[in-house]
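What follows is one structure encoded as structure tokens, with my remarks underneath.
Side chains included, hydrogens not; waters and symmetry mates left out as well; all remaining heavy atoms used.
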Amino acid sequence: QVQLVDTGGGLVQAGGSLRLSCAASGRTIRDYAMGWFRQAPGKEREFVAAIARSGANTDYADSVKGRFTISRDSAKNTVYLQMNSLKPEDTAVYYCAARNVGYYVVPRGGFDYWGQGTQVTVSS
């Protein structure tokens, strides 16, 4: 079983950047596709981005495509979400997640393990 800890959130002005980190322990992230989700107040949790175990395949929600980049560093057992050109509507709690699937699969759901979340607030 893998444990995930999300860090890197904060307060940033619109147009700014943040990098979120998800540090894994207990198991290597090589065994998991990794994803990022977010939940804004009063809204359901939504998919943001995911990366396959291979690291070669990624998927993004349309709302963040071209602005966010997901990456993984197996040596550090950590997954990142680089967020650029942030908008107020990106304000949410961001969660990383892990799912044990095929090597090239990039899932949008069915994740089994979750971080505790990190708050991102974008001011206008």
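Taking each heavy atom of Ala24 and Ile29 in turn, the nearest pair found is CB-CG2, 3.4 Å. The heavy-atom pair separating Thr78 from Ser21 by the smallest distance is CG2-CB, 4.2 Å. Between Ala33 and Arg72, the shortest heavy-atom contact is CA-NH1, 4.2 Å. When all heavy atoms are compared, the tightest approach of Met83 to Tyr94 is SD-CE2, 3.9 Å.
Looking at heavy atoms from C-beta onward, Asn77 lies in side-chain contact with Thr28 at the 4.5 angstrom threshold. For the pair Cys22/Trp36, a side-chain contact is recorded, criterion being any heavy-atom separation below 4.5 Å from C-beta on. No side-chain heavy atom of Arg38 sits under 4.5 Å from any side-chain heavy atom of Arg45. Between Glu89 and Val122, the closest side-chain pair of non-hydrogen atoms is not below 4.5 Å. Gln13 is not listed as a side-chain neighbour of Leu86, based on a closest heavy-atom distance of 4.5 Å or more. Between Phe68 and Leu81 there is a side-chain heavy-atom pair separated by less than 4.5 Å.
Here Asp62 pairs with Lys65 in a salt bridge; the nearest charged N to carboxylate O distance falls below 4.0 Å.
Side-chain atoms of Asn84 and Ser17 include a donor-acceptor pair closer than 3.5 Å.
Hydrophobic cluster membership for Val5: none, as no Ile, Leu, Val, Met, Phe, Trp or Tyr side chain comes under 4.5 Å of it. Clustering of Ile, Leu, Val, Met, Phe, Trp and Tyr by side-chain heavy atoms under 4.5 Å joins Tyr103 with Tyr104.
Legend: residues meeting ring-ring contact (aromatic ring centres under 6.0 Å, His included) with Phe47, ordered by chain and number and at least two apart, are Phe37. Partners of Tyr95 by ring-ring contact (aromatic ring centres under 6.0 Å, His included), not counting sequence neighbours: none found.
By the criterion of side-chain heavy atoms lying less than 4.5 angstrom apart, applied directly or through intervening Ile, Leu, Val, Met, Phe, Trp or Tyr residues, Leu20 is grouped together with Val64 in one hydrophobic cluster. Under the 4.5 Å side-chain contact rule for hydrophobic residues, Val120 and Tyr80 do not share a cluster. Follow the hydrophobic side-chain contacts under 4.5 Å out from Tyr60 and you never reach Val101; the two are in separate clusters. Using a 4.5 Å cut-off between side-chain heavy atoms of Ile, Leu, Val, Met, Phe, Trp and Tyr, with links allowed through other members, Val79 and Val2 fall into the same hydrophobic cluster.
Between the side chain of Arg108 and the backbone N or O of Gly35 there is no donor-acceptor pair closer than 3.5 Å. Using modelled atom types, one side-chain atom of Gln116 and one backbone atom of Asp6 make a donor-acceptor pair closer than 3.5 Å.
Evaluation of the salt bridge (charged side-chain N to carboxylate O under 4.0 Å, His left out) test over residues 96-107, restricted to residues two or more places apart or in two chains, returns none. Applying the salt bridge (charged side-chain N to carboxylate O under 4.0 Å, His left out) test to pairs two or more places apart or on separate chains, those with a residue in residues 14-33 are Arg27-Asp31.
Interatomic distance, Asp90 CG to Arg67 CZ, rounded to the nearest 0.5 Å: 4.0 Å. Rounding to the nearest 0.5 angstrom, the gap separating the CG atom in Leu18 from the OG1 atom in Thr121 is 9.5 Å.
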